Amino acid sequence: MKPEDQIELAKSEYPDILVEEKKSNEHPLAELKNVRGRVVMRMAPSPSGPLHLGHTRMCILNDEYVKRYGGDLILRIEDTNPNNIYPPAYEMIQEDNRWLGVNFTKFIIQSERIPLYYEKAEELIMMGKAYMCTCKVEDFKKDLMNSQACPHRDIRPEEHLQLFRDVVSGKDRSKSPVLIIKTDLFHPNPAVRDWIAFRVIETPHPHTGKKYRFYPLMNFSVAVDDHELGLTHVIRGSDHINNTERQKYIFKYFDWPLPEYFHYGMIHIGDAILKTSLMRKGIESGKYVGWDDVQLATVRSLAKRGYRKETFRKYWVDSGLKDVNSDFSWDIFNSINRLLIDKSSDRYFFVPDPVEIKIEGSPEATSRIPLYPNEESRGYRTYKVEKNPVISVPSGDIMGLKDGDIIRLKDLYNIKKDGDHFIFAGMENTGERKKIIQWVGKDAQEFSILKPDGTTDRGLIESLLAGKRGIFQMERYAFVNVIGDHTGLYLHR
RNA sequence: GCUCCGAUGGUGUAGUCCGGUCAAGCAUAUCGGCCUUUCGAGCCGACGACCCGGGUCCGAAUCCCGGUCGGAGCACCA
């Protein structure tokens, strides 16, 4: 019975079963606390490479809230470690955000703000809240674990200030000094006790060259900037929970109002390489063709394969702001994307791992296959098939067949296995066939599909795909982004 | 070891703040049926969860205590 008939029957015979309404699957994000008027939020990636799937959660969540409440979304490049910078990333990160539809209203580069950090550091030194230290790393750590003050901690601020300025100017090059923020040596969490705010790095900075040599660490520059830029709400991963505690000391010393902090849980993304350093190594060694290699879960790779920006947004909005760790679900991600692309994807036949079969006793025939099922207006792919042809089918589909088994070549005719060949078994699409499979004629083209696991499916594509580009569904195979006459990128089933 | 965070079906989540309407909703996955000349889409149905133990209460997924398990951090990375 057809669905419409079922509904008709239900209406007339069993009206009571239809009262149940389908509940909405709307799943808006929870409200943020303490929103008064416009919000100011930020994304703070380091420029070690382009954005990857993991970053997109930060981008989408911040963007969603700024769009909801109105306000500013700051893209702040955290490049205070010259040893960890991939220069093209400054531009790539902006491109990736634009592609995602993330509308940042301000663009800030931290390495351009070093004088501000110096100024705040000097103020803290004179307040007695920061000190210069030249201890050996091991000694410093040991002291912290034992709640012991290092010998430099209680020297007069003026001396610290002088040393700080000498290190900044390069006059003092004798040691490896650091600037440390005083917190509480007896803080129960050792991670929060006196922490390092500046260290010397002599590597030339890709953005500022040799202008500076005393660089702030993330916790210092973040705290200063979050205040200076007027952040009202901070959303970031739960790996920053301890950093938040550390940064709060800076706010306390300056008596700055605290933003609202939210930490979402860590997402474990299986089957994906997310470490920028690994990607970069692979690109340099030739293992990957570039940052958009299908094996990488970068935004540009996923975009190239055919994921839509709306998929990212819906996935992360649905995931919400929960602070529990969870597994990323490719199933759900793909399912969202499939719904978005299905209607606009014409159908074609791709025969992976093809084998040629000889058909006997068949008449000349014409196959008219819809470009999209049940939508005649979109047109057909039409092929003339000579009598007793040789055609190619997926080896996997005929492997287990026994003599006498009937299969149907989709939109063509039935064939019956008989020893090493097949015999024509009627035009009609009867119920006897074991399955309906895709096929291609001898005008088919070689076609390779690159898959994210690094493998390639080789086979034949029907000739009418020639010259076409974009996302198509290869029937019974998967959705594929066709990027060349002989190449496609695997998207998902 | 220390600090902090959390625990709802296979997976992702809703509900938890302000206990009853939750014998727990949605999505995805799986399985069955319908539809379909795709293993896609659509429709119908099934399956399947409140970590454990105490306590408070007429009543606990929701509050309290203890345990277990999982995670994050304890870098001169961000």
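So you know, we letter chains A, B, ... as the sequences are listed, proteins then strands, and number each from 1. Only a predicted model underlies this, so the values are computations on that prediction, with no experimental measurement involved. Values reported hereafter were calculated over all heavy atoms of this structure, with side chains retained and with hydrogens, waters and symmetry mates removed.
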Of the candidate nucleotides B:rG6, B:rG42, B:rU38, which contains the atom at the shortest distance from the side chain of A:Leu339? B:rG42
To the nearest Å, how far apart are A:Met145 CE and B:rG1 P? 13 Å
By the 4.0 Å heavy-atom rule, please label A:Asp327 as base, sugar-phosphate, or nothing. sugar-phosphate
Let me confirm one number: the CD1-CG distance from A:Ile155 to A:Leu163, rounded to the nearest 0.5 Å. 9.0 Å
Looking only at side-chain N and O atoms, does A:Asp225 offer a donor or acceptor that is under 3.5 Å from a partner on A:Gln110? yes
Structure string for RNA chain B in dot-bracket form, Watson-Crick and G-U at under 3.5 Å, | interchain: (((((((..((((......[....)))).(((((.......)))))....(((((..]....))))))))))))....
Nearest-angstrom distance, P atom, B:rC5 to B:rU21: 30 Å
Nucleotide nearest A:Ile332 when distance is taken to its side chain, options B:rU11, B:rA72, B:rU38: B:rU11
By a strict heavy-atom criterion of less than 4.0 Å, which residues belonging to residues 180-188 of chain A are in contact with RNA chain B? A:Pro188
Quick one: does A:His240's side chain have a donor or acceptor within less than 3.5 Å of a partner on A:Gly237's backbone? no
If you assign A:Ile267 and A:Pro45 each to the RNA chain B nucleotide with the nearest heavy atom, which residue ends up on the more 5' nucleotide? A:Ile267
Using a heavy-atom cut-off of under 4.0 Å over every strand shown, decide if A:Asp397 touches base, sugar-phosphate, or nothing. base
With C1' as the reference atom in both, quote the distance from B:rG33 to B:rG25 in angstrom, rounded to an integer. 24 Å
Looking at B:rA7, B:rU37, B:rA78, which one has an atom nearest to any side-chain atom of A:Glu78? B:rA78
Length of the line joining A:Lys141:NZ and B:rA75:P, which is rounded to integer Å: 5 Å
For A:His240, answer base if it contacts any base atom (sugar-phosphate contacts may also be present), sugar-phosphate if it contacts only those atoms, and nothing otherwise; contact means non-hydrogen atoms under 4.0 Å. base
A:Asp331 side-chain proximity, nearest of B:rG1, B:rU28, B:rG40: B:rU28
Under 4.0 Å, heavy atoms only, any strand: does A:Phe328 hit a base, just the sugar-phosphate, or nothing? nothing
Touch class at under 4.0 angstrom, heavy-atom based, for A:Asn243 against every strand present: base
Check every strand shown and say whether A:Ser345 touches a base, only sugar-phosphate, or nothing at a heavy-atom separation below 4.0 Å. nothing
Provide the distance between the two C1' atoms, one in B:rA61 and one in B:rA23, to the nearest whole Å. 13 Å
With a non-hydrogen cut-off below 4.0 angstrom, is A:Met218 in contact with a base, only sugar-phosphate, or nothing? base
Nearest-nucleotide pick for A:Leu217, side chain only, options being B:rA78, B:rU38, B:rG12: B:rA78
Between P of B:rU16 and CG of A:Leu321, the distance in whole Å: 15 Å
Which value, in whole Å, describes the distance between the P atoms of nucleotides B:rC18 and B:rC50? 25 Å
For B:rU3 and B:rA75, measure between their P atoms and round to the nearest Å. 16 Å
Residue from A:Leu465, A:Ile449, A:Val440 passing side-chain contact (heavy atoms from CB on, under 4.5 Å) with A:Phe350: A:Ile449
Measuring only the C1' atom in each nucleotide, how far is B:rG10 from B:rC47? A whole number of Å is fine. 12 Å
Side-chain atoms of A:Lys343 come closest, of B:rC76, B:rA41, B:rU11, to B:rA41
To the nearest angstrom, how far is A:Ile336 atom CD1 from B:rA41 atom C1'? 16 Å
Within less than 4.0 Å of OP1 or OP2 of B:rG73, is there a side-chain N or O belonging to A:Ser238? no
Counting N and O atoms only, with roles assigned by atom type, does the side chain of A:Glu462 sit under 3.5 Å from a partner on the main chain of A:Phe349, one being a donor and the other an acceptor? yes
A:Tyr118 side chain vs A:Phe214 backbone, donor-acceptor pair below 3.5 Å: yes
Would the distance check show the side chain of A:Thr203 and the main-chain N or O of A:Asn83 forming a donor-acceptor pair, the cut-off being under 3.5 Å? no
Confirm from the modelled atom types if A:Gln473 and B:rU38 form a donor-acceptor pair under 3.5 Å, side chain to base only. yes
Would you say the side-chain atoms of A:Arg408 pair up with the backbone N or O of A:Met427, donor to acceptor, closer than 3.5 Å? yes
Would you mind reading off the distance between A:Tyr348 atom OH and B:rG40 atom P, rounded to a whole angstrom? 21 Å
Kindly check if the number of other-residue, nucleotide or ligand heavy atoms within 6.0 Å of NZ (A:Lys275) is above 12? no
Here's a test for you: under side-chain contact (heavy atoms from CB on, under 4.5 Å), which of A:Asp166, A:Val167, A:Val178 qualifies with A:Met132? A:Val167
Can a donor-acceptor pair be found between the side chains of A:Thr455 and A:Asp453 at a distance below 3.5 Å? yes
Between the side chains of A:Trp316 and A:Thr56, does any donor sit under 3.5 Å from an acceptor? yes
A:Asp225 CG - B:rA78 P separation (whole Å): 13 Å
Choosing from B:rC74, B:rU28, B:rU8, which nucleotide comes nearest the side chain of A:Ala191? B:rC74
Is any side-chain N or O of A:Ser329 closer than 4.0 Å to OP1 or OP2 of B:rA29? no
A:Lys434 atom NZ is separated from B:rU38 atom P, nearest whole Å, by 18 Å
Whole-Å distance separating the CZ atom of A:Phe472 from the P atom of B:rA41: 19 Å
Please tell me if A:Arg433 has a side-chain N or O lying less than 4.0 Å from either OP1 or OP2 of B:rU37. no
Select one nucleotide: of B:rG6, B:rA78, B:rG12, the one nearest the side-chain heavy atoms of A:Asp323. B:rG6
Map A:Arg57 and A:Arg338 onto RNA chain B by nearest heavy atom, then report which one ends up closer to the 5' terminus. A:Arg57
Look at the side chain of A:Arg347 and decide which nucleotide, out of B:rU3, B:rU38, B:rA14, has an atom nearest to it. B:rU38
What integer number of Å spans the P atoms of B:rC64 and B:rG19? 11 Å
Hey, is the side chain of A:Arg76 poking within less than 4.0 Å of OP1 or OP2 on B:rA78, counting only N and O atoms? no
Can you see whether A:Phe479 has A:Arg338 sitting over its ring - NZ or CZ less than 6.0 Å from the centre and within 45° of the normal? no
Rounded C1' spacing from B:rU56 to B:rG20 in Å: 16 Å
Centroid-centroid distance, A:His492 to A:Tyr307, less than 6.0 Å: yes
Contact class for A:Val324 vs. all strands (heavy atom < 4.0 Å): base, sugar-phosphate, or nothing? sugar-phosphate
Out of B:rU37, B:rU38, B:rA78, whichever nucleotide has its closest atom nearest the side chain of A:Arg408: B:rU37
Would you tell me if any nitrogen or oxygen in the side chain of A:Lys33 comes within less than 4.0 Å of OP1 or OP2 on B:rC17? no
